[in-house]
Amino acid sequence: MPDRAAVIAALDAVIDPRSGQGLMAAGLVQGLVVADDRAGFALEVPAGDTALYAPVRDAAEAALKAIPGMARVSVVLTAEAVATPPRRRTAGLSPQAVDQGRAKAPVPTDRPAHVRRVLAVASGKGGVGKSTVSVNLACALAARGLRVGLLDADVYGPSAPTMLGISGKPAYEDGAMVPHEAWGLKAMSVGLLMKADDAMIWRGPMASQAITQMLTQTRWGTEDEPLDVLVVDLPPGTGDVQLTLIQKTPLDGAVIVSTPQEVALADARRAKTLFDRVNVPTLGLIENMSGDVFGRGGAEAEAARLGVDFLGDLPLDAALREGADAGVPVVAGDPDGDIAGRFSGLAEALSKKLDLQGFQTQL
Ligand SMILES: Nc1ncnc2c1ncn2[C@@H]1O[C@H](COP(=O)(O)OP(=O)(O)OP(=O)(O)O)[C@@H](O)[C@H]1O
Ligand SMILES: [Mg+2]
């Protein structure tokens, strides 16, 4: 099995064109993970230098692949944002430590260009329908005449490629990634950048590097046609990965998806606490899979306890799952149906909360 020393030596044999040093010595290698027969890292280069470093990334990838026993290599090229305040490394810190850090300095975030609002969709618990809600909510916002993007940041289980029926690495143009277009949305997914087996590597610091890159180096909009709202499907849970992500992502608000059961609601509470900690407003709670099996109304009562708005419920409905599996979001496939109507209500409430009504000009 390749060891870390071999990986470091290989990377230091690749020369940084700016400093003339090896990549490790030049400090360009971030979040290096070496695990069994895989390695991955983010090559973090100065703002505006991504074109210069694209061949360097390729050379680093080739150098690692040449190590005997190395089966998979993942190198993500990321550029520092222009004039970013000094970075704070927060992964692994306790929430208290993060809070203390926060009091001293504002958390640096990299705001994507030409994006008016960034909305996170979160859940404390996995499998509650966060991705289903993200995708259909994005479609419902688009149906209101907004320019909408979807960023699938779920490093544990990216689902936008399946749910939207998109595949293939995004094209690079003038140093920016070109998002896929599907169902009236601009879409990017960690699933388009990583191979299924790389998930383990991606959960480390590399995940947040890659997501920052997808956020800030994707051509979501232009000066003439800015994106009105970017919906971000976050990984489920309330651990360090999520904390780092929401600290690095300039979120204007979050919605939390929960099923009606108490276990899911307890996790929804934790998600709310996480957003409070980083001063991101929780815009509301959505109950999914509401109905006979799991009961109904738990999320509404929980929202009242938490002092957040209850935005609405979505029934357990086979069409939602079938649409997701087929790559046709129900809101797009059956725009006049009951489910689309419910998402339309959610989209209306959220566009008010995000102050987006003025931008509904395309219809
Ligand atoms: N209201 C619903 N009715 C029926 N099926 C649903 C509903 N919501 C979600 N599903 C199905 O439940 C499964 C989990 O949903 P989804 O992938 O959206 O959840 P998630 O919270 O994003 O999960 P993960 O934690 O794995 O990312 C999927 O098969 C989806 O199609
Ligand atoms: Mg999901």
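Counting starts at 1 for both ligands and their atoms, following the listed order. What you are looking at is a predicted structure, and each value in this text was computed from that prediction instead of being measured.
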Student: Check whether any N, O or S atom of Ser131, backbone or side chain, sits closer than 2.8 Å to the Mg ion (ligand 2).
Tutor: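 Short answer: yes, at least one N, O or S atom is under the cut-off.
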
Student: Measure from atom 24 (P) of ligand 1 to every heavy atom in Ala324, Ser290, Gly127, Ala264 and give the option owning the shortest one.
Tutor: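 Checking each option, the heavy atom nearest atom 24 (P) of ligand 1 is found in Gly127.
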
Student: Using the salt bridge (Lys or Arg N to Asp or Glu O under 4.0 Å) rule, pick out the option among Asp233, Asp152, Asp267 that qualifies with Lys130.
Tutor: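 Exactly one option meets the salt bridge (Lys or Arg N to Asp or Glu O under 4.0 Å) with Lys130, and it is Asp233.
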
Student: Working to the nearest 0.5 Å, report the span between CG of Leu193 and OG of Ser74.
Tutor: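 Spacing of CG (Leu193) from OG (Ser74) equals 8.5 Å.
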
Student: Would you mind finding which of Asp152, Thr132, Asp154, Asp317 brings a heavy atom closest to atom 27 (O) of ligand 1?
Tutor: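 Shortest heavy-atom distance from atom 27 (O) of ligand 1: Asp154.
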
Student: So which of Met289, Lys130, Glu287, Lys125 gets nearest to atom 20 (P) of ligand 1, if we judge by its closest heavy atom?
Tutor: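 Checking each option, the heavy atom nearest atom 20 (P) of ligand 1 is found in Lys130.
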
Student: Would you check the N or O atoms of Ala318, main chain and side chain alike, for any that come under 3.5 Å of an N or O of ligand 1?
Tutor: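 No; every N/O pair is 3.5 Å or more apart.
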
Student: Which of the listed options, Asn288, Leu316, Leu320, Asn136, holds the heavy atom that is closest to atom 8 (N) of ligand 1?
Tutor: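 Of the listed residues, Asn288 has the closest heavy atom.
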
Student: When you measure from atom 13 (C) of ligand 1 to the protein, is at least one non-hydrogen atom found at a distance under 4.0 Å?
Tutor: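 False for atom 13 (C) of ligand 1.
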
Student: For ligand 1, which part of Glu322 has a heavy atom less than 4.0 Å away: the side chain, the backbone, both, or neither?
Tutor: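 No part of Glu322 is near ligand 1 at this cut-off.
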
Student: Looking at residues at least two apart in the chain, or sitting in another chain, which of them share a salt bridge (Lys or Arg N to Asp or Glu O under 4.0 Å) with Lys125?
Tutor: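 Scan of Lys125 (salt bridge (Lys or Arg N to Asp or Glu O under 4.0 Å), adjacent residues dropped) gives none.
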
Student: Are a donor atom and an acceptor atom from the side chains of Thr273 and Asp276 found within less than 3.5 Å of each other?
Tutor: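 No, no side-chain donor-acceptor pair sits under 3.5 Å.
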
Student: How far apart are the C-alpha atoms of Arg111 and Asp252, what are their side-chain angles, what is the distance that settles it, and do they pass the salt bridge (charged side-chain N to carboxylate O under 4.0 Å, His left out) test?
Tutor: CA-CA 11 Å; Arg111 187 100 213 161; Asp252 297 298; 3.2 Å; yes

Student: Give the minimum heavy-atom separation between Ala264 and Thr259, together with the two atoms involved.
Tutor: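 Taking Ala264 first and Thr259 second, the nearest heavy atoms are CB-OG1, 3.1 Å.
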
Student: Can you list the atoms of ligand 1 that are under 4.0 Å from a heavy atom of Gly126?
Tutor: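 What qualifies from ligand 1 is 25 (O).
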
